[in-house]
Amino acid sequence: MKTYYFTITGTKYHFGKEFIEKDMKVLLKKEPDNEYDKEAIKVCLKPFGCIGYVANSPCTVIGEDCFSAGRLYDKIPDTMEATVLYKLDQGIICSVEVE
């Protein structure tokens with residue numbers, strides 16, 4: 001198993017992040033038809049749907065060990081569960097376990 005870390009960004013454009021907690025499970029879904037980013041990975045949570053995206057810019061990726069969506073895209077399947085580790089003012093750090 002390989003662990004990858006990433007940042008959720010853009011929550012302010014959806015439902016905010018106040019309700020997000022450590023150890024919460026979120027669903028990653030590749031979004032190849034996204035008109036702004038062909039490597040977009042949206043982050044979903046029931047019952048809300050999309051709550052944000054995996055950060056894909058040096059300005060939004062937090063920390064040196066977090067992967068951008070572009071670096072993570074080919075390492076994960078089309079949909080996959082991830083776990084919230086930390087909620088910071090700048091974003092939310094999560095991990096995903098890949099075989």
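Keep in mind that the numbers below use all heavy atoms, side chains included, and drop hydrogens, waters and symmetry copies. The residues of the chain are indexed from 1 along the displayed sequence.
Side-chain contacts under 4.5 Å among hydrophobic residues (ILVMFWY), followed directly or transitively, place Ile93 together with Tyr5, Ile62, Leu85, Tyr86, Leu88.
Of the inter-residue distances, the one linking Cys50 atom SG with Leu45 atom CG reads 10.5 Å to the nearest 0.5 angstrom. Here the straight-line distance linking atom OG1 of Thr79 with atom CG of Leu27 works out to 5.5 Å at 0.5 Å rounding.
For Phe48, the ring pair (Phe, Tyr, Trp, His ring centres under 6.0 Å) criterion is met by Phe15, Phe19, not counting sequence neighbours. Not a single side-chain hydrogen bond (donor to acceptor under 3.5 Å, both in side chains) links Asp65 to another residue, sequence neighbours left out. Under the side chain to side chain contact (heavy atoms under 4.5 Å, CB included) criterion, Ala55 pairs with Thr7, Thr9, Thr60, Val61, sequence neighbours left out. Residues satisfying the ring pair (Phe, Tyr, Trp, His ring centres under 6.0 Å) test with Phe67, not counting sequence neighbours, are Tyr4.
Within the structure, every pair that satisfies the side chain to side chain donor-acceptor pair (under 3.5 Å) test and touches residues 23-33, not counting sequence neighbours, is listed here: Lys25-Thr83, Glu31-Asn34, Glu31-Tyr53. The side chain to side chain donor-acceptor pair (under 3.5 Å) contacts involving residues 87-99 comprise Thr3-Glu97, where partners must be two or more places apart or lie in separate chains. Residue pairs that meet the side chain to side chain donor-acceptor pair (under 3.5 Å) test with at least one member in residues 37-50, sequence neighbours left out, are Asp37-Asn56.
Contact of the Val54 side chain with the Leu28 side chain is registered, since non-hydrogen atoms from C-beta on lie closer than 4.5 Å. Considering only heavy atoms from C-beta on, Ile41 stays 4.5 Å or farther from Phe6 through its side chain. Counting only heavy atoms from C-beta outward, the side chains of Met80 and Val96 approach each other to under 4.5 Å.
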